[in-house]
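Any value given below was found using the heavy atoms of this structure, including those in side chains, with hydrogens, waters and symmetry copies removed.
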Amino acid sequence: MSSDRVSWNTYFMNISKEVATRSTCDRKHVGAVIVRDKNILSTGYNGSIKGLPHCDKAGHEVVDGHCIRTTHAEANAIAQAAKNGARVDAAEIFVTASPCYNCFKIIANSGIKTIYYDEFYHDERVLEHAKEAGIELVHLN
């Protein structure tokens, strides 16, 4: 193997960063890639409900310091997998930022077993509950 060839983890994280460039909320661009057996099952980025105006056009809906106009990248990736009939049970997800608590619950209930993230996103509950739920949470730098 060539020494300049990136690892699989770097490869999928790089793709999640590219997916994040589609985000329509300028407060935070997040991308997610769901993978099983080194095959991409689905991708998602944070953006408004399908057919509704995006933050970059309509402005933000801020509640408790968070924009709620957008559906988060992880939820969108899982929804896309469901829409297209891709089973995510026992898969891995690569996200540019660790999931918020609500997205973590969706990931856990979908059967995804490993979460790789680039940046820690402020919710310590995710760290505690990942251990309890048997979900591996891996910070990639």
Side-chain angles (χ1 to χ4, degrees), residues 1-2 4-141:
M1 181 163 72
S2 172
D4 59 347
R5 189 174 186 197
V6 299
S7 70
W8 284 107
N9 286 351
T10 300
Y11 173 72
F12 292 122
M13 186 57 71
N14 286 347
I15 293 170
S16 73
K17 290 175 182 177
E18 188 65 28
V19 170
T21 67
R22 292 281 307 151
S23 172
T24 59
C25 183
D26 58 5
R27 289 174 53 95
K28 185 147 191 78
H29 292 220
V30 180
V33 177
I34 301 175
V35 175
R36 187 181 325 98
D37 299 326
K38 297 181 178 66
N39 291 296
I40 296 172
L41 303 175
S42 182
T43 65
Y45 54 87
N46 53 325
S48 294
I49 296 169
K50 189 174 184 167
L52 297 185
H54 296 287
C55 297
D56 58 2
K57 301 289 184 215
H60 300 283
E61 291 180 32
V62 179
V63 174
D64 296 328
H66 298 282
C67 181
I68 61 167
R69 178 180 290 281
T70 63
T71 301
H72 289 185
E74 306 92 326
N76 273 330
I78 291 168
Q80 280 298 315
K83 182 178 174 183
N84 293 312
R87 184 179 61 85
V88 299
D89 189 45
E92 305 169 314
I93 190 167
F94 291 78
V95 290
T96 57
S98 62
C100 70
Y101 190 54
N102 284 331
C103 285
F104 172 76
K105 293 185 287 184
I106 294 168
I107 290 167
N109 285 351
S110 75
I112 290 172
K113 295 298 180 193
T114 307
I115 302 168
Y116 296 96
Y117 65 95
D118 185 47
E119 168 196 350
F120 183 73
Y121 183 70
H122 77 75
D123 201 328
E124 298 287 331
R125 293 175 295 183
V126 171
L127 301 173
E128 177 185 334
H129 292 306
K131 288 178 187 172
E132 292 173 347
I135 295 171
E136 189 176 6
L137 195 59
V138 181
H139 184 192
L140 298 177
N141 310 48

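Within 6.0 Å of CD1 on Ile49 lie no more than 12 heavy atoms contributed by other residues, nucleotides or ligands. Phe120 CZ: more than 12 foreign heavy atoms inside a 6.0 Å radius.
In this structure, CD1 in Ile93 is found 7.0 Å from CD1 in Ile115, a value given to the nearest 0.5 Å. A distance of 9.5 Å separates OH of Tyr116 from CE of Met13, quoted to the nearest 0.5 Å. One finds the CG atom of Leu137 at 7.5 Å from the CZ atom of Phe104 (value rounded to the nearest 0.5 Å). To the nearest 0.5 angstrom, Ile15 atom CD1 is 11.0 Å from Thr10 atom OG1.
The two atoms that bring Leu41 and Ala91 nearest to each other are CD1-CB, 4.1 Å, heavy atoms only. Considering every non-hydrogen atom in both Glu74 and Cys103, the closest pair reads OE1-SG, 3.6 Å. Minimum interatomic distance between Ser23 and Asn46 (heavy atoms only, all atoms of both residues): OG-OD1, 2.8 Å. Nearest approach of Val30 to Ala73, heavy atoms of both residues: O-CB, 3.5 Å. Tyr45 approaches Val19 most closely through the heavy-atom pair CB-O, 3.6 Å.
Side-chain contact check for Ile78 versus Ile112: some heavy-atom pair is nearer than 4.5 Å. Side-chain contact between Asn84 and Gln80 is present, with at least one heavy-atom pair separated by less than 4.5 Å. The closest side-chain heavy-atom distance from Phe12 to Ile40 is below 4.5 Å. A 4.5 Å side-chain heavy-atom check between Val126 and Ser98 finds every atom pair outside the cut-off. For the pair Ile106 and His72, the minimum side-chain heavy-atom distance is 4.5 Å or more. Side chains of Ile107 and Pro99 form a contact here, defined as non-hydrogen atoms less than 4.5 Å apart. Side-chain contact between Cys55 and Thr70 is present, with heavy atoms from C-beta onward closer than 4.5 Å.
Note on ring orientation: taking the six-membered ring where Trp is involved, the planes of His129 and Tyr101 are tilted (angle from 30° to 60°).
Residues forming a ring-ring contact (aromatic ring centres under 6.0 Å, His included) with Tyr117 (at least two apart in sequence, or on another chain): His139. The salt bridge (charged side-chain N to carboxylate O under 4.0 Å, His left out) search around Glu119 returns Lys28, not counting sequence neighbours.
Between Glu128 and the choices Glu132, Arg125, Lys131, the side-chain contact (heavy atoms from CB on, under 4.5 Å) rule is met once, by Glu132.
Judged by distance alone, with hydrogens and angles left aside, the side-chain atoms of Ser16 form no donor-acceptor pair with the main-chain N or O of Val33 at under 3.5 Å. In terms of modelled atom types and a separation under 3.5 Å, the side chain of Ser42 and the main chain of Ala77 share a donor-acceptor contact. Of the possible polar contacts, one joining the Asn39 side chain to the Asp37 backbone as a donor-acceptor pair under 3.5 Å is found.
When only modelled atom types and interatomic distance are considered, Thr96 and Asp118 share no side-chain donor-acceptor pair under 3.5 Å. Between the side chains of Asn102 and Lys105, at least one donor N or O sits under 3.5 Å from an acceptor N or O.
Here side chain to side chain donor-acceptor pair (under 3.5 Å) pairs that include residues 51-68, with residues two or more places apart or in two chains, are Thr24-His54, Asp26-His60, Glu61-Arg69, His66-Tyr121.
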Exercise for the section: Verify side chain to side chain contact (heavy atoms under 4.5 Å, CB included) between Val35 and Phe94, making sure each step is shown before the conclusion. Expected result: CA-CA 8 Å; Val35 175; Phe94 291 78; 4.0 Å; yes

Exercise for the section: Please assess Val62 against Arg27 for the test side chain to side chain contact (heavy atoms under 4.5 Å, CB included), listing each intermediate value before the final yes or no. Expected result: CA-CA 10 Å; Val62 179; Arg27 289 174 53 95; 4.1 Å; yes

